[in-house]
Number of protein chains: 2
Amino acid sequence: MKAKLIGVGRATLAQEARAEIERMITEGELTAGEKLNELDLSMLMGVSRGTVREAIRSLADSGLVDLIANRGAFVHETTLSEVQNLYELRGAIFAMACAAAARRVGTGEERDLAAALAVNIDKMEGAQETEELATYYALNIEFHDMLMAAAGNPKAKVIYDNIKREMHLFRRKGLSIASNIARSLEEHRVIADAVTAGNEAAARDAANAHIQRGFDRYMITAGRSRETEK
Amino acid sequence: MKAKLIGVGRATLAQEARAEIERMITEGELTAGEKLNELDLSMLMGVSRGTVREAIRSLADSGLVDLIANRGAFVHETTLSEVQNLYELRGAIFAMACAAAARRVGTGEERDLAAALAVNIDKMEGAQETEELATYYALNIEFHDMLMAAAGNPKAKVIYDNIKREMHLFRRKGLSIASNIARSLEEHRVIADAVTAGNEAAARDAANAHIQRGFDRYMITAGRSRETEK
DNA sequence: AATATGTTGATTGTTGACAATATAAACCGG
DNA sequence: CCGGTTTATATTGTCAACAATCAACATATT
């Protein structure tokens, strides 16, 4: 028995349709470049075509879809060059966030972060030892999310999450996540140390270096994948 | 007599309606917190209400409007705390862009920037001497835009421009643009020198310092405005 | 007078029909 | 068989009508 939510948070059908389209895109049911057929989606979801249109229109600025007049909406295709740009942006924003987190730790505004980061890193070490890749990956996401949240800049987190999501439109082509866990984990430790020490500059540099090296690791994988295709 | 545009770039009515709503918001005809009445707008624009809905929905992620289920769309009200967050973000992205521009100057990818920056700074000096504030402001925008474009990261420019636009939702409350032209101009010179010298680190630091000091100057003005209101 | 309840009108959300445009299929000529 | 043109079909864009929700106002109760 579900109680109906009351008030501002209640979703319209169009909002629910949007969430479903987002899910289909991020989970790969709708692939990069694929066309969003309004009538198909409306029948699939059991709503009118107009409602699907509203949902799609609301994705206009999301980076997930491209709206082309009279031709429809297509899942955005993220090129390698775009991925590079997104990595650079992501690095700048993550660096800014870690610096802000370090500052807030230093002023006492942020109190629980050090302990939470330490727990997370312990768990990542465990996942590394038992070679549980999926667990490591989830903890990796948690690590980044904690730092983004600790920056106290909600707008930065929204943009950061959107960038990550947009980058997944490239990954969906079959590339696996680049993983050099030992290196990645060591970089996490450096970031956490700088942040918990309240050292803005060190946090900023370590965070940016971590993302850029992640990109380098990613490019190595992308390079290999190209050879496989040829 | 308006010529109809042909091809992929041709705008739908909903796209034109969106552009008009954006103009009304950024030019202050629709003020922060104001409700967007679909029927009023549709009569104003000579299109159906559904078309206005599509236009408004397409602004969902723009930062300009807040969509509230069953209550409608409201021009976003940017708080001072949000402005601070936006300044921080803007600084990080502008810093990243100036570093990238410096790198591209250093590798020869970007060839015309040094000359263009020099021309712009000359003109800003002229505007400073003749105390033409509007001219200085336009040149200031041009300076920033040139650097954002020279970074070769279109996504960064989109996000940067959106952030600037969103910040204007606060300015619309009557605050005038903080201006200390001599200081601002000197900071522009430092940025231009670092970029044209291909010095990434110096460009990054100078750019971020420039935006943060712009925020400091802005806060001084905001502080004064508060006293006026009390 | 203050508060609670009911009613009405305004507005938002959804749907289906029609118009406009793009795409696919069929047709024709060389 | 191929390329160009015409026709048919599919899809997108717009509109208007109906349903659902909210806000404002009127009335009843304490």
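The CD-C1' distance, from A/Glu38 to C/dT21, rounds to 13 Å in whole Å. For the pair B/Gln15 CD and C/dA20 C1', the interatomic distance rounds to 15 Å; values are reported in whole Å. Taking atom CG of residue B/Leu67 and atom P of nucleotide C/dT11, one finds them 18 Å apart after rounding to whole Å. For the pair B/Leu41 CG and C/dT11 P, the computed distance is 12 Å after rounding to whole Å. B/Ile68 has its CD1 atom 12 Å from the P atom of C/dT12, to the nearest Å. If you take CG of B/Leu13 and P of D/dT12, they are 17 Å apart, rounded to a whole angstrom. In this entry the distance linking CG of B/Leu39 with C1' of C/dA10 reads 9 Å, nearest Å. Computed from coordinates, the A/Met45 CE to C/dT15 C1' distance equals 17 Å when rounded to whole Å.
Across all non-hydrogen atoms, the minimal contact from B/Ala203 to B/Ala102 is CB-CB, 4.0 Å. Nearest heavy atoms, A/Asp66 versus A/Glu77: OD2-N, 4.3 Å. Here the closest non-hydrogen pair linking B/Ala100 and A/Glu88 is CB-OE2, 3.6 Å.
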Quick one: which protein N/O atoms are closer than 3.5 Å to N/O atoms of nucleotides 16-20 of chain D? Pair and distance per line, please.
none

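Salt bridge A/Glu29/A/Arg23: present, at least one basic N to carboxylate O contact under 4.0 Å. Taking the charged nitrogens against the carboxylate oxygens, B/Arg165 and B/Asp161 have no contact shorter than 4.0 Å, which rules out a salt bridge. Using a 4.0 Å cut-off between charged side-chain N and carboxylate O, A/Arg103 and A/Glu110 make no salt bridge. Classification of B/Asp61 and A/Arg18 as a salt-bridged pair holds, one side-chain N sitting under 4.0 Å from a carboxylate O. Under the 4.0 Å criterion applied to side-chain N and carboxylate O atoms, B/Glu82 and A/Lys155 are not assigned as salt-bridge partners.
OP1 or OP2 of D/dA23 sits under 4.0 Å from a side-chain N or O of B/Arg71. OP1 or OP2 of C/dT15 sits under 4.0 Å from a side-chain N or O of A/Thr51. For A/Asn70, no side-chain nitrogen or oxygen approaches OP1 or OP2 of C/dA20 to under 4.0 Å. Regarding contacts with the backbone of C/dT11, every side-chain N or O of B/Lys35 stays at 4.0 angstrom or more from both OP1 and OP2.
Nucleic acid contact for A/Leu36: sugar-phosphate only, since backbone atoms but no base atoms lie under 4.0 Å from a heavy atom of the residue.
Crowding of A/Lys123 atom NZ: a count of heavy atoms from other residues, nucleotides or ligands under 6.0 Å not exceeding 12.
Within a heavy-atom distance below 4.0 Å of DNA chain D, the residues of residues 52-65 of chain B found are B/Glu54.
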